[in-house]
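Only one structure is covered here, and it is reproduced in the block below.
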Amino acid sequence: MSCLLQAPVAHTILSSASSCRTVRRTKALKLRCGALGAKNAAKIPMPPINPKDPFLSKLASVASSSPEAVLNSSANPDTPPFLDLFESPKLMATPAQVERSVSYNEHRPRSPPPDLPSLLLNGRIVYIGMPLVPAVTELVVAELMYLQWMDPKQPIYLYINSTGTTRDDGETVGMETEGFAIYDALMQLQNEIHTVAVGAAIGQACLLLSAGTKGKRFMMPHAKAMIQQPRVPSSGLMPASDVLIRAKEVVINRDTLVELLAKHTGNSIEAVAEVMRRPFYMDANRAKEFGVIDKILWRGQEKVMAEVASPEEWDKNAGIKVMDGF
């Protein structure tokens, strides 16, 4: 009977001793693991930190304050490593935020660059590189007004590569009033207007080229200028009376164009009207002879002009003696 009573007691004593040993072993294992973690944390290599990179700054801060958070990083395959340290992780930066790490140029602007017309406008350059449709007229007139408001004394440089109110095949794409609107804006400006033809200046674009300040109208060596009569827009299903009204308006625009070209080129109205009966093409030399431009731009021109002798030197070299009073 006593044996039966002592057996459970002995078993209980043995179980308690075993559990105590297990608890001691667990505590010792935790202590060793903690020491190992601290030892590994001391050996964590610290990369050079870019203060402008929020990811590296946050990672370095976490590693210095709580190394176990970096060592025991989440193993979730859906989350890239260490991004779980952020409350709202961002996988990619927005295009405007260009400064992210040393691999980027640290001197880049923090905001997107302006568009090309704005960059040219900063240099007081207005570029017409399309046919004269309403959108182009709106932009050019607005730029001219803005440049005069910025400085009414500095010159404005108008570069022209346009087929006017028609396309290359002669189809009408805009009203003649588009060209007249830019012309009137030019005439209202207080600034000097330097016009430069690059490529083509056809129809109303040729008028804008000739409307620059006298002595400041230029043309590239291989550019083309052409004047022609305005064309009747497509009539479609218009009644005959409406077609006649449009034809009369085109005649009025033609006469206006002839008068303005005669004014700026120095030719008579009859001479301009005669050459405009058919498309009148002009290269740079012919355009200069006709009075559309004043000078032809070509590389090396400045050096050649600098080497030209003055009139006094020419007279001296030729043996001509200049008398007083002459």
Side-chain angles (χ1 to χ4, degrees), residues 109 111-162 164-165 176-221 223 225 227 256-257 259-267 284 287-308 310-311:
S111 60
D115 56 315
L116 184 57
S118 299
L119 292 175
L120 295 177
L121 195 65
N122 189 43
R124 303 189 65 82
I125 296 175
V126 178
Y127 177 56
I128 304 177
M130 295 178 61
L132 301 181
V133 296
V136 174
T137 302
E138 176 186 6
L139 177 62
V140 171
V141 173
E143 290 180 337
L144 293 174
M145 296 170 60
Y146 173 77
L147 291 176
Q148 179 183 234
W149 176 79
M150 288 292 294
D151 192 341
K153 297 182 179 180
Q154 292 295 325
I156 298 174
Y157 304 92
L158 181 63
Y159 284 75
I160 301 172
N161 181 20
S162 173
T165 55
E176 298 298 318
T177 51
E178 305 298 337
F180 291 144
I182 300 177
Y183 172 82
D184 290 339
L186 290 175
M187 295 298 102
Q188 295 297 322
L189 297 178
Q190 303 176 17
N191 311 71
E192 280 191 353
I193 306 298
H194 297 201
T195 55
V196 183
V198 290
I202 297 176
Q204 293 276 1
C206 185
L207 171 63
L208 300 180
L209 173 63
S210 66
T213 304
K214 287 294 182 67
K216 307 297 183 180
R217 303 173 301 176
F218 308 97
M219 198 168 179
M220 294 296 181
I227 53 177
T256 304
L257 182 60
E259 293 177 2
L260 295 178
L261 283 172
K263 171 185 175 181
H264 292 287
T265 59
N267 297 291
K288 183 178 179 181
E289 294 174 0
F290 195 74
V292 176
I293 63 170
D294 303 303
K295 297 179 182 179
I296 303 173
L297 296 179
W298 49 278
R299 187 182 296 274
Q301 175 175 294
E302 296 80 3
K303 181 179 179 181
V304 172
M305 295 303 296
E307 295 176 354
V308 175
S310 63

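- The heavy-atom pair separating A201 from I160 by the smallest distance is CB-CG2, 4.2 Å.
- For residues 203-219, the pairs satisfying salt bridge (charged side-chain N to carboxylate O under 4.0 Å, His left out) are R217-D294, with sequence neighbours left out.
- Take A287 and apply the side chain to side chain contact (heavy atoms under 4.5 Å, CB included) test, not counting sequence neighbours, and it matches M219, M282, V292, I293.
- For the pair I125 and Y159, the minimum side-chain heavy-atom distance is below 4.5 Å.
- Taken from CG in L186 to CD in Q188, the straight-line distance is 10.0 Å, to the nearest 0.5 Å.
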List the atom pairs, with distances to 0.1 Å, where a side-chain N or O of residues 130-149 and a protein N or O form a donor-acceptor pair under 3.5 Å, not counting sequence neighbours.
residue : atom : partner : partner atom : Å
T137    : OG1  : V133    : O            : 3.3
T137    : OG1  : E178    : OE1          : 2.9
Q148    : OE1  : Q190    : N            : 2.9

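- Between A205 and S162 the shortest heavy-atom distance is CB-O, 3.6 Å.
- Residues passing the ring-ring contact (aromatic ring centres under 6.0 Å, His included) test with F180, sequence neighbours excluded: none.
- Annotation: the span from Q204 atom CD to L260 atom CG amounts to 8.5 Å, rounded to 0.5 Å.
- Looking at residues two or more places apart in sequence or on another chain, you find a side chain to side chain donor-acceptor pair (under 3.5 Å) between E192 and H194.
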What verdict does the side-chain contact (heavy atoms from CB on, under 4.5 Å) test give for I128 and L158, after you've listed the backbone C-alpha separation in whole Å, the side-chain angles of each residue and the deciding distance to 0.1 Å? CA-CA 8 Å; I128 304 177; L158 181 63; 3.8 Å; yes
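- For T165, the side chain to side chain donor-acceptor pair (under 3.5 Å) partners at least two apart in sequence or on another chain are E176.
- Between the CG atom of L261 and the OG atom of S210 there is a distance of 5.0 Å, given to the nearest 0.5 Å.
- For the pair I182/D184, no side-chain contact is recorded, criterion being any heavy-atom separation below 4.5 Å from C-beta on.
- Contact annotation: the side chain of T195 never approaches that of Y157 to less than 4.5 Å [non-hydrogen atoms, C-beta and beyond].
- The side chain to side chain contact (heavy atoms under 4.5 Å, CB included) test applied to D151 returns R124, K153, Q154, not counting sequence neighbours.
- Rounding to the nearest 0.5 Å places CG of L120 at 4.5 Å from CG of L116.
- N267 pairs by the side chain to side chain donor-acceptor pair (under 3.5 Å) definition with T265, not counting sequence neighbours.
- C206 places a side-chain heavy atom less than 4.5 Å from the side chain of I227.
- With sequence neighbours left out, the side chain to side chain donor-acceptor pair (under 3.5 Å) criterion links Y183 to H264.
- In this structure, the side chain of N161 engages the main chain of A200 through a donor-acceptor pair within 3.5 Å.
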